[in-house]
Amino acid sequence: MSEIPPNTLQYRVDGPEDAPTLVLGPSLGTTWHMWDRQIAELAERWRLVRFDLPGHGGAPAHPAGSVTDLAERVLATLDGLGVQRFGYAGCSIGGAIGLELALRRPHRVASLALVAASPRFGTADEFRQRGVVVRTNGLDPMARSAPERWFTAGFAAAQPAIVEWAVQMVRTTDPGCYIAACEALAAFDVRAELGRVGVPTLVLVGSEDQVTGPAEARTLVAGIPDARLALVPGASHLAPVEQPAAVTDLLGHHFATSWHDTQTAVPVVQSAAPATSAPVLPVAEIESAAPEQPPQALTGRPDPYDAGIKIRREVLGDAHVDAATDAADAFTGDFQELVTRYAWGEVWSREGLDRRTRSCVTLTALLAGGHLDDLAVHTRAALRNGLTPAEIREVFLHAAVYCGVPAANAAFRVAQAVIREETTPRA
């Protein structure tokens with residue numbers, strides 16, 4: 001397993017080698033075993049390829065920075081198996097990968113099933129705060145809360161062994177890879193692109209799912225031209241585990257009746273494969289050359305506002321930026337634009353320092369100047385940028401020597417409250 005190249009994923013293959021390939025993608029915090037209860041029946045007709053996310057299920061801890069990166073790793077893994085065209089079913093972040101594949105590499109995907117998925121998962125702030133919690137406390141808070149997020153209360157009470165299995169899956173995940181997946185979901189938003197999904201799509205959701213429930217499923221169905229909804233009664237987020245027979249029947253019927261082939265589609269190329277991962281060499285893929293673009297007219301230096309607002313949201317959070325911009329009026333609006341354009345678009349966007357280092361500098365400067373309101377804001381930002389509470393403490397201790405003990409005392413008091421709030425798992 002340790003020899004798996006960083007651009008591919010740990011995988012398992014079940015079913016006949018000469019059958020059409022169906023890929024099964026997992027949810028965040030789970031392994032390929034979340035699909036165990038579908039395998040016996042689906043493997044009668046399909047060659048099933050299951051994969052683990054980086055750092056999950058003992059897979060090498062090569063964090064992926066985006067859903068696009070994960071999709072490319074899925075394709076590289078399938079290239080190594082000789083698979084060009086495939087059906088795809090994914091749960092939660094696995095569904096996001098499926099959407100990415102259908103949008104970016106439509107000639108590879110024959111049919112799609114999205115389980116407990118969404119075109120945007122919650123808010124960016126929610127997932128970045130989850131990353132702060134894991135960076136500070138490890139994965140135990142996520143593991144302990146997994147059963148209530150994944151299963152209905154009745155199922156969890158009746159199936160303690162499955163609940164313990166779920167908890168252990170999360171606990172054994174690499175924290176850095178989990179945080180990277182949270183960051184990937186924070187940036188994922190394909191709501192404006194759903195109309196370009198051009199393959200038959202089943203949107204499957206548990207009726208009791210409180211994470212990505214029926215409302216998100218209906219958004220997918222409304223946006224994807226050839227999509228239909230399947231609501232699974234008595235199931236929460238991990239419907240394939242909680243209602244395995246219903247999910248298996250729905251997936252089997254969908255892929256048996258909706259496999260989408262055209263004359264221009266790349267044919268399925270099958271080859272023998274081991275039961276689990278082995279080092280692979282991706283098969284080169286020939287793509288048509290992009291049409292030559294006319295030369296662009298010189299327009300001068302680009303306006304840094306767009307880059308600034310993006311970085312400002314990533315560092316400070318959508319809620320803070322929305323509050324600041326919504327409160328702007330004729331008197332303060334120009335100042336908000338100045339801050340976004342020059343502080344964030346000109347300085348924070350420079351490559352000379354990483355964001356962790358910029359947070360250290362910013363905290364020190366705010367402590368020295370006694371700017372406690374902004375210190376609270378940038379303590380949150382520092383946590384989002386990857387500093388731990390222990391590292392923030394060291395910044396303040398160091399600043400106390402050079403900026404004064406009273407200033408550091410005030411900074412510790414403000415930051416303590418912020419850190420307690422940000423690193424406490426939310427219900």
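Just so it is clear, the model here is predicted, and its values are computed rather than measured.
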Side chains of S66 and D69: any donor to acceptor distance under 3.5 Å?
no
When rounded to the nearest 0.5 angstrom, what is the spacing between CZ in F412 and CD1 in I419?
9.0 Å
With a 4.0 Å cut-off, would you call D189 and R191 a salt bridge?
yes
Strictly below 4.0 Å, N to O, side chains only: are E183 and R128 in salt-bridge contact?
yes
When rounded to the nearest 0.5 angstrom, what is the spacing between CD1 in I179 and CZ in R130?
11.5 Å
Side-chain donor-acceptor pairs under 3.5 Å in residues 51-58, sequence neighbours left out?
from	atom 1	to	atom 2	distance (Å)
D52	OD1	W32	N	2.7
D52	OD2	Q10	NE2	2.8
H56	ND1	P54	O	2.9
H56	NE2	G29	N	3.2

Taking T77 for the side chain and L9 for the main chain, is one N or O donor matched with an acceptor at less than 3.5 Å?
yes
Is the backbone N or O of W165 less than 3.5 Å from a side-chain atom of Q168, with the two atoms forming a donor-acceptor pair by type?
no
Report yes if some heavy atom in the side chain of R228 is under 4.5 Å from a heavy atom in the side chain of L202; otherwise report no.
yes
So which heavy atom on D322 is nearest to which on T325, and how close?
O-OG1, 3.3 Å
Any heavy-atom pair between the side chains of V83 and D79 that's under 4.5 Å?
no
Between S258 and S111, does a side-chain hydrogen bond (donor to acceptor under 3.5 Å, both in side chains) hold up when you go through it step by step?
CA-CA 6 Å; S258 67; S111 186; 2.7 Å; yes
Show your reasoning for whether side chain to side chain contact (heavy atoms under 4.5 Å, CB included) applies to V315 and W348.
CA-CA 10 Å; V315 173; W348 275 86; 4.3 Å; yes
Between Q38 and P240, the two heavy atoms sitting closest are NE2-O, 3.1 Å
Testing the 3.5 Å rule here: is there a donor-acceptor pair between the side chains of T424 and R420?
no
Value rounded to 0.5 Å, distance of CZ in R355 from CD1 in I311
5.5 Å
Looking at R47 and G15, would you say the former's side chain and the latter's main chain have a donor-acceptor pair under 3.5 Å?
no
Heavy-atom nearest pair, H62 first then C177, reads N-SG, 3.9 Å
Got more than 12 heavy atoms from elsewhere within 6.0 Å of CD, Q210?
no
Kindly say whether V197 contributes a backbone atom to a donor-acceptor pair with the side chain of T201 at under 3.5 angstrom?
no
I93 and A181 have their tightest heavy-atom pair at CD1-CB, 4.1 Å
Distance-only donor-acceptor check, side chains T68 and E100, under 3.5 Å:
yes
Would you call K310-E314 a salt bridge at under 4.0 Å N-O?
yes
Between the main-chain N or O of P119 and the side-chain N or O of E216, is there a donor-acceptor pair closer than 3.5 Å?
no
Tell me the closest heavy-atom pair linking S236 and W150, and the distance in Å.
CB-O, 3.4 Å
Quick one: do D318 and R312 make a salt bridge, cutoff under 4.0 Å?
no
Counting N and O atoms only, with roles assigned by atom type, does the side chain of T123 sit under 3.5 Å from a partner on the main chain of E126, one being a donor and the other an acceptor?
yes
What I want to find out is whether R105 reaches E72 closely enough, with some N-O distance under 4.0 Å, to be called a salt bridge.
yes
Trace of the side chain to side chain contact (heavy atoms under 4.5 Å, CB included) decision for E391 with T388
CA-CA 5 Å; E391 289 170 326; T388 65; 3.4 Å; yes
For L229 and A217, work out which heavy atoms get closest and say how close.
CD1-CB, 3.7 Å
Where do V339 and W344 land on the side chain to side chain contact (heavy atoms under 4.5 Å, CB included) test, with the steps shown first?
CA-CA 7 Å; V339 169; W344 298 99; 3.7 Å; yes
Does a side-chain heavy-atom distance below 4.5 Å link T31 with P26?
no
Between the side chains of R50 and D14, is the shortest nitrogen-to-carboxylate-oxygen separation below 4.0 Å, so that they form an ion pair?
yes
For the CG atom on D373, are there more than 12 heavy atoms of other groups (residues, nucleotides or ligands in this structure) within a distance under 6.0 Å?
no
Just verifying a value: how many Å separate L22 CG and H254 NE2, rounded to the nearest 0.5 Å?
9.5 Å
In this structure, SG of C91 is separated from CD1 of I97 (nearest 0.5 Å) by 11.0 Å
Do any N or O atoms from the side chain of R85 and from the backbone of H107 form a donor-acceptor pair under 3.5 angstrom?
yes
So side-chain hydrogen bond (donor to acceptor under 3.5 Å, both in side chains) across residues 134-144, not counting sequence neighbours, yields D140-R144, D140-R171
Side chain to side chain contact (heavy atoms under 4.5 Å, CB included) between L78 and F86: does it pass, once the steps are laid out?
CA-CA 9 Å; L78 295 173; F86 53 89; 3.5 Å; yes
Looking at D125 and A319, would you say the former's side chain and the latter's main chain have a donor-acceptor pair under 3.5 Å?
yes
Within this structure, what is the NE2-CG distance for the pair H378 and L363, rounded to the nearest 0.5 Å?
8.0 Å
Count the heavy atoms belonging to other residues, nucleotides or ligands that lie under 6.0 Å from CG of D354, then report whether that count exceeds 12.
yes
Within the distance-only criterion (no hydrogens, no angle test), does the side chain of R218 pair as donor or acceptor with the backbone N or O of G213 below 3.5 angstrom?
no
Under a 3.5 Å cutoff, is there a donor and acceptor pairing between the side chains of R108 and Y88?
no
Taking it one step at a time, do H237 and S92 satisfy side-chain hydrogen bond (donor to acceptor under 3.5 Å, both in side chains)?
CA-CA 8 Å; H237 194 57; S92 196; 3.2 Å; yes
Only one of L238, V232, L24, L204 passes side-chain contact (heavy atoms from CB on, under 4.5 Å) with V115, and that residue is L204
Report the relative orientation of the aromatic rings in F121 and F188; use parallel for angles under 30°, tilted for 30 to 60°, perpendicular for over 60°.
tilted
Output yes when a side-chain donor or acceptor of S145 lies under 3.5 Å from a complementary backbone atom of M142, and no otherwise.
yes
